[in-house]
Amino acid sequence: MNSKQVVLITGSSTGFGRMFADTLARKGHTVFATMRDPGGRNAKNASEIRSLAEKDSLPIYVLELDVTDDASVGRAVDAAVAKAGRIDVAINNAGYVVSGLAEAVTPEQAQRLMDTNFLGSVRVNRAVLPHMRRQRSGVLIHVSSGAGRVILPSFGFYCASKFALEALAESYRYELAGQGIESVILEPGAYETPVFGNTVTAADEARTNTYGAVKEIPAKLNAALSSNAGNAQEVADAVLRIIETPAGEKQLRYFVSPQDLGVDKINALSKQVQANVLEAFGLTADTKFLKGKAVGSA
Ligand SMILES: NC(=O)c1ccc[n+]([C@@H]2O[C@H](COP(=O)([O-])OP(=O)(O)OC[C@H]3O[C@@H](n4cnc5c(N)ncnc54)[C@H](OP(=O)(O)O)[C@@H]3O)[C@@H](O)[C@H]2O)c1
């Protein structure tokens, strides 16, 4: 793989996605910074990114991509491949938080959250994988969260969406390794981005109001998370290190956090248990990354 890579990022209008675009492009990687509605609601964000790219001669191209819309995902991936000829890295970053007591989150709110945080990656991966398979290389990065490994009360549906994403990302890891494609999970702790302002609140206030003191948990947690939030550039630097790690040597999980919450311990134990499980079912050889020997290669 060329050391300068072609990277498609979802949710690049603000926050991590926008920082990833800037950080990677400054190191010479070609970036497709995708977002919803760059001609409308995100017009200011899109034009700031385009102006910066022009001013600093950065290889960043803004494309429209709504992860909840198959056709939109397909158009963005086709446009990126038409322009750059390939996609080396897809960063599944688009996502948001639903905060509130689980009983007060409506099924419609839960469904919308899963459609973005979980199915969004399914759509993007299905669109980029045929290209990666053709190249016999590629990296799928899934922006999960520390909340994809530990559970916070009032973040139940957000945690569920990230746990679901982690399960799928790990499954891709095993299934794609033989084809030279890596699946990676990034688990940020709390970082300063617009995520807190974009949080959706559980809609059923009548139910929330029956919970006494427990109904204060969402506000308490949100305050604790935002007051301990770190500098998001740390996460962008981690993404740069991940994509510049040679093929076949990337970890499955990267926990990056201003606070040590012990998530690395869960990941280390999970790695051991998963290895045992694959061994027990006779799947170890099938799920190994084969350097330079992708499935179907001569
Ligand atoms: N900041 C943290 O502390 C933290 C910690 C762990 C994990 N994360 C994860 O990091 C990711 C990025 O969040 P952030 O912190 O950078 O917050 P953010 O600034 O709110 O960014 C979220 C991005 O997702 C986009 N998005 C939402 N729905 C979308 C859709 N249907 N299609 C395409 N894009 C969509 C938003 O775009 P619009 O502008 O169109 O709304 C925005 O660009 C999320 O997956 C979040 O769960 C954040």
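For ligands, and for the atoms within them, numbers begin at 1 and follow the listed sequence.
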query: Is it true that the side chains of Arg36 and Ser72 contain a donor and an acceptor less than 3.5 Å apart?
result: no

message: Within the 4.0 Å heavy-atom shell around Asn42, which atoms of ligand 1 are there?
response: 38 (P), 39 (O), 40 (O)

message: What protein heavy atom lies closest to atom 36 (C) of ligand 1? Include the residue and the distance to one decimal.
response: Ser13 OG, 4.0 Å

field: Exercise: do Tyr211 and Glu216 side chains pair donor with acceptor under 3.5 Å
entry: no

- prompt: Can we say Glu48 and Lys44 salt-bridge, meaning some charged N sits less than 4.0 Å from an Asp/Glu carboxylate O?
  reply: yes

- prompt: Which atoms from ligand 1 have a heavy atom of Asn93 less than 4.0 Å away?
  reply: 10 (O), 11 (C), 12 (C), 44 (C), 45 (O)

- prompt: Considering only the protein, which heavy-atom contact is closest to atom 3 (O) of ligand 1, and what is its distance?
  reply: Tyr191 N, 2.8 Å

- prompt: How far is atom 46 (C) of ligand 1 from its nearest protein heavy atom, and which residue and atom name does that atom have?
  reply: Tyr158 OH, 3.6 Å

- request: For Arg41 and ligand 1, answer yes if some heavy atom of the residue is under 4.0 Å from a ligand atom, otherwise no.
  value: yes

Proximity winner for atom 40 (O) of ligand 1, if only heavy atoms of Arg36, Arg112, Arg123, Glu192 are counted: Arg36

query: Salt bridge between Arg253 and Glu187, side-chain N to carboxylate O under 4.0 Å?
result: yes

- request: Verify the neighbour count for atom CD of Gln111: are there more than 12 heavy atoms of other residues, nucleotides or ligands below 6.0 Å?
  value: no

Donor + acceptor pair across side chains of His142, Asn125 (<3.5 Å): yes

query: Does Ser144 come within less than 4.0 Å of ligand 1, judged by its heavy atoms?
result: yes

- prompt: If you count the atoms of ligand 1 from 1 in the order shown, which ones are under 4.0 Å from a heavy atom of Pro194?
  reply: 19 (O), 20 (O)

message: Starting from atom 31 (N) of ligand 1, what is the nearest protein heavy atom, named by residue and atom, and what distance separates them?
response: Asp66 OD1, 3.0 Å

task: List every atom of ligand 1 that sits less than 4.0 Å from any heavy atom of Ala190, numbering the atoms from 1 in the order shown and giving each element.
output: 3 (O)

- prompt: At what distance is the nearest protein heavy atom to atom 22 (C) of ligand 1, and which residue and atom is it?
  reply: Gly95 O, 3.4 Å

message: Quick check on the hydrophobic clustering: are Val256 and Leu240 connected, directly or via other members, by side-chain heavy-atom contacts under 4.5 Å?
response: yes

- prompt: So, are Asp88 and Arg86 salt-bridged, with charged N and O less than 4.0 Å apart?
  reply: yes

message: I want to know if ligand 1 touches Pro188 in the polar sense, i.e. an N/O pair below 3.5 angstrom.
response: no

message: So is Gly146 touching ligand 1 or not, going by heavy atoms under 4.0 Å?
response: no

field: Thr14, Thr193, Val67, Asn228: member with heavy atom nearest to atom 1 (N) of ligand 1
entry: Thr193

field: Atom indices of ligand 1, in the order listed, that fall short of 4.0 Å to a heavy atom of Ala94
entry: 24 (O), 26 (N), 33 (C), 34 (N), 35 (C), 45 (O)

- request: List the closest protein heavy-atom neighbour of atom 4 (C) of ligand 1: residue, atom name, distance to the nearest 0.1 Å.
  value: Phe16 CE1, 3.6 Å

message: Can you confirm whether the side chains of Gln233 and Asp237 place a donor and an acceptor under 3.5 Å from each other?
response: yes

message: Side chain or backbone, does Lys162 bring an N or O within less than 3.5 Å of an N or O on ligand 1?
response: yes

- request: Decide salt bridge (charged side-chain N to carboxylate O under 4.0 Å, His left out) for Arg26 and Asp22; before the verdict, give the C-alpha distance in whole Å, the side-chain angles of both, and the deciding distance to 0.1 Å.
  value: CA-CA 6 Å; Arg26 286 189 192 282; Asp22 185 81; 3.0 Å; yes

query: With sequence neighbours left out, what residues match Thr210 under side-chain contact (heavy atoms from CB on, under 4.5 Å)?
result: none

message: Could you tell me, atom by atom, which parts of ligand 1 come under 4.0 Å of a heavy atom of Leu65?
response: 32 (N), 33 (C)

- prompt: Without hydrogens or angle criteria, can the side chains of Ser161 and Asn117 be said to hold a donor-acceptor pair below 3.5 Å?
  reply: yes

field: Sub-4.0 Å heavy-atom contact, Val143 with ligand 1
entry: yes

query: Are Asn267 and Gln251 close enough that a side-chain donor and a side-chain acceptor fall under 3.5 Å?
result: no

message: Starting from atom 23 (C) of ligand 1, what is the nearest protein heavy atom, named by residue and atom, and what distance separates them?
response: Gly11 O, 3.8 Å

- line: Near Thr68 (heavy-atom distance under 4.0 Å), the atoms of ligand 1 are 31 (N)

Arg123 and Asp115 ion-paired at < 4.0 Å: yes

statement: In ligand 1, the atoms that come under 4.0 Å of a heavy atom of Gly15 are 16 (O), 19 (O)

message: Starting from atom 20 (O) of ligand 1, what is the nearest protein heavy atom, named by residue and atom, and what distance separates them?
response: Asn198 ND2, 2.8 Å

field: Nitrogen or oxygen of Phe196 less than 3.5 angstrom from that of ligand 1
entry: no

Hphob cluster co-occupancy, Leu65 + Ile9, side-chain heavy atoms under 4.5 angstrom: no

